[in-house]
S.K.: 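My structure is below; once you've seen it, I'll send some questions.
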Number of protein chains: 2
Amino acid sequence: MTTRQATKAATVEGDLCCASVVEAPLSEPEAVELARVLAALADPVRLRLLSLVAAQDEVCSCDLEGPLDRSQPTVSHHTKILADAGLIVGDRRGRWTWWKVVPERLGALQRALGA
Amino acid sequence: MTTRQATKAATVEGDLCCASVVEAPLSEPEAVELARVLAALADPVRLRLLSLVAAQDEVCSCDLEGPLDRSQPTVSHHTKILADAGLIVGDRRGRWTWWKVVPERLGALQRALGA
DNA sequence: CTGCTAGATTGAAGTTCGTCGATCAGCAGC
DNA sequence: GCTGCTGATCGACGAACTTCAATCTAGCAG
């Protein structure tokens with residue numbers, strides 16, 4: 001498997017689709033799943049990380065430590081959390097891991113907060 | 001002041017408007033502010049609370065303890081967090097506090113994640 | 001095979017968060 | 001006044017989170 005995160009992203013599976021927060025009564029499992037994805041975004045470092053990846057379409061982990069001003073293990077930790085939430089996917093090519101955003105996932109989140 | 005949370009909501013002020021996460025490089029202060037609002041939503045209990053309030057347009061605190069299966073102090077804690085994030089506003093009338101959602105705030109959040 | 005490098009994992013320290021019991025503040029009715 | 005009820009605040013405890021140093025894994029070059 002080239003994309004190491006593939007299996008993990010798969011565990012996310014859910015569309016968190018269906019009903020939006022303001023329209024649905026929102027069941028407990030739905031709330032837990034949605035909260036999980038929101039929690040992945042609810043961190044300044046990860047928000048900046050995501051916008052950095054989005055800005056360049058594909059970014060190497062090593063190019064994140066500088067702009068984020070965080071150590072290599074910390075950056076790795078945050079990329080993993082975003083990847084587990086399905087918001088980014090990583091592709092390991094050679095010695096480097098390249099990250100890109102998953103627009104559909106962001107769109108689903110957007111819809112979940114929907115008006 | 002009838003609406004006790006008015007001043008607190010004011011401290012939020014920000015539109016978290018401007019650029020979306022995927023379009024902007026996202027400055028540190030912007031990331032912190034956006035993360036603050038997202039963190040308010042990144043909890044299953046608060047998501048269900050929000051959807052309960054949204055479903056009935058206006059809800060009394062005492063009608064939340066049951067459905068949320070949490071103690072009164074805990075419910076009060078969560079309403080405060082959502083109110084501080086500007087996502088709901090509370091209006092104290094007599095012995096009861098009535099909560100309603102702030103759709104504009106949710107919309108702003110939605111746009112911040114915007115495609 | 002040996003060394004070098006990029007990234008993931010582990011372990012620990014410090015902080016923040018969710019929860020509830022107990023208490024405090026304010027309103028309504030007697 | 002006093003009593004009862006709703007909701008906010010305080011204090012404490014356990015769980016989860018962020019961070020980094022140290023270590024481990026894996027690919028590339030010689």
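In this text, all values refer to a predicted model and were calculated from it rather than measured experimentally. Throughout, protein chains are lettered first and strands after them, A, B, ... in sequence-line order, and every chain is numbered starting at 1. All values below were derived from every heavy atom in this structure, side-chain atoms included, with hydrogens, water molecules and symmetry-related copies excluded.
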S.K.: How many whole angstroms separate atom CG of B:Asp69 from atom C1' of C:dT19?
M.R.: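 Answer to the nearest Å: 12 Å.
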
S.K.: Pick base, sugar-phosphate or nothing for A:Val75, based on heavy-atom distances below 4.0 Å to the nucleic acid.
M.R.: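 No contact.
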
S.K.: Please state how far atom CG in B:Asp43 lies from atom P in C:dT16, giving the value in whole angstrom units.
M.R.: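 So the CG-P distance, B:Asp43 to C:dT16, works out to 18 Å.
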
S.K.: Roughly, in whole Å, what's the span from CZ in A:Arg48 to C1' in D:dT18?
M.R.: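 After rounding, the gap between these two atoms is 14 Å.
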
S.K.: Quick one: is D:dC20 close enough that its OP1 or OP2 comes under 4.0 Å of any side-chain N or O from A:Thr74?
M.R.: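 True: A:Thr74 side-chain N/O within range (under 4.0 Å) of D:dC20 OP1/OP2.
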
S.K.: Hey, which sits more toward the 5' end of DNA chain C by its nearest nucleotide, A:His77 or A:Trp96?
M.R.: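 Going by which nucleotide is closer to the 5' end, it is A:Trp96.
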
S.K.: With the side chain of A:Ser61 defined as its heavy atoms from C-beta on, choose the nearest nucleotide among C:dG7, C:dA6, D:dA8.
M.R.: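 Of the candidates, C:dG7 comes closest.
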
S.K.: The test is side-chain contact (heavy atoms from CB on, under 4.5 Å); show your working for A:Arg46 and A:Leu41 and say whether it passes.
M.R.: CA-CA 6 Å; A:Arg46 288 196 288 272; A:Leu41 276 183; 5.8 Å; no

S.K.: Round to the nearest Å and state the distance from B:Asp84 atom CG to D:dA8 atom P.
M.R.: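 Atom CG in B:Asp84 sits about 11 Å away from atom P in D:dA8.
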
S.K.: In whole Å, I'd like the distance from the CH2 atom of A:Trp99 to the C1' atom of C:dG7.
M.R.: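 Atom-to-atom, A:Trp99 to C:dG7, this comes out as 9 Å.
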
S.K.: Taking only the side-chain nitrogens and oxygens of B:Arg95, find out if one of them lies under 4.0 Å from OP1 or OP2 of D:dG4.
M.R.: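 No, because none of the side-chain N or O atoms of B:Arg95 sits under 4.0 Å from OP1 or OP2 of D:dG4.
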
S.K.: CZ of B:Arg93 versus P of C:dA28: gap in Å, rounded?
M.R.: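 The answer, rounded to whole Å, is 13 Å.
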
S.K.: Under 4.0 Å between a side-chain N or O of A:Arg70 and OP1 or OP2 of D:dT19?
M.R.: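 True: A:Arg70 side-chain N/O within range (under 4.0 Å) of D:dT19 OP1/OP2.
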
S.K.: Please assess A:Asp43 against A:Ile81 for the test side-chain contact (heavy atoms from CB on, under 4.5 Å), listing each intermediate value before the final yes or no.
M.R.: CA-CA 11 Å; A:Asp43 179 277; A:Ile81 288 178; over 6 Å; no

S.K.: Rounded to the nearest 0.5 Å, what separation is found between the CG atom of B:Leu109 and the CG atom of B:Leu34?
M.R.: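 With rounding to 0.5 Å, CG (B:Leu109) is 6.5 Å from CG (B:Leu34).
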
S.K.: Taking only the side-chain nitrogens and oxygens of B:His78, find out if one of them lies under 4.0 Å from OP1 or OP2 of C:dT19.
M.R.: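 Yes, B:His78 has a side-chain N/O under 4.0 Å of OP1/OP2 on C:dT19.
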
S.K.: In whole Å, I'd like the distance from the CZ atom of A:Arg46 to the C1' atom of D:dT19.
M.R.: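 Between C1' of D:dT19 and CZ of A:Arg46: 12 Å.
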
S.K.: Should B:Leu68 and B:Leu52 be marked as a side-chain contact (heavy atoms from CB on, under 4.5 Å) after you check the CA-CA gap, both sets of side-chain angles, and the distance that decides it?
M.R.: CA-CA 9 Å; B:Leu68 293 177; B:Leu52 283 171; 3.9 Å; yes

S.K.: Pick the closest DNA chain D nucleotide for A:Gln72 and for B:Cys62 by heavy atoms, then say which residue is nearer the 5' end.
M.R.: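 Comparing both residues, the 5'-ward one is B:Cys62.
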
S.K.: Verify side-chain contact (heavy atoms from CB on, under 4.5 Å) between A:Val101 and A:Leu87, making sure each step is shown before the conclusion.
M.R.: CA-CA 6 Å; A:Val101 299; A:Leu87 293 162; over 6 Å; no

S.K.: Heavy atoms from C-beta onward define the side chain here; which of C:dG7, C:dT19, D:dC20 lies closest to that of A:Pro73?
M.R.: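 Out of C:dG7, C:dT19, D:dC20, the nucleotide with an atom closest to A:Pro73's side chain is D:dC20.
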
S.K.: Of the nucleotides C:dT19, D:dT18, C:dA6, which one has an atom closest to the side chain of A:Ile81?
M.R.: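 Of the candidates, D:dT18 comes closest.
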
S.K.: Roughly, in whole Å, what's the span from CZ in B:Arg92 to C1' in D:dT6?
M.R.: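 So the CZ-C1' distance, B:Arg92 to D:dT6, works out to 6 Å.
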
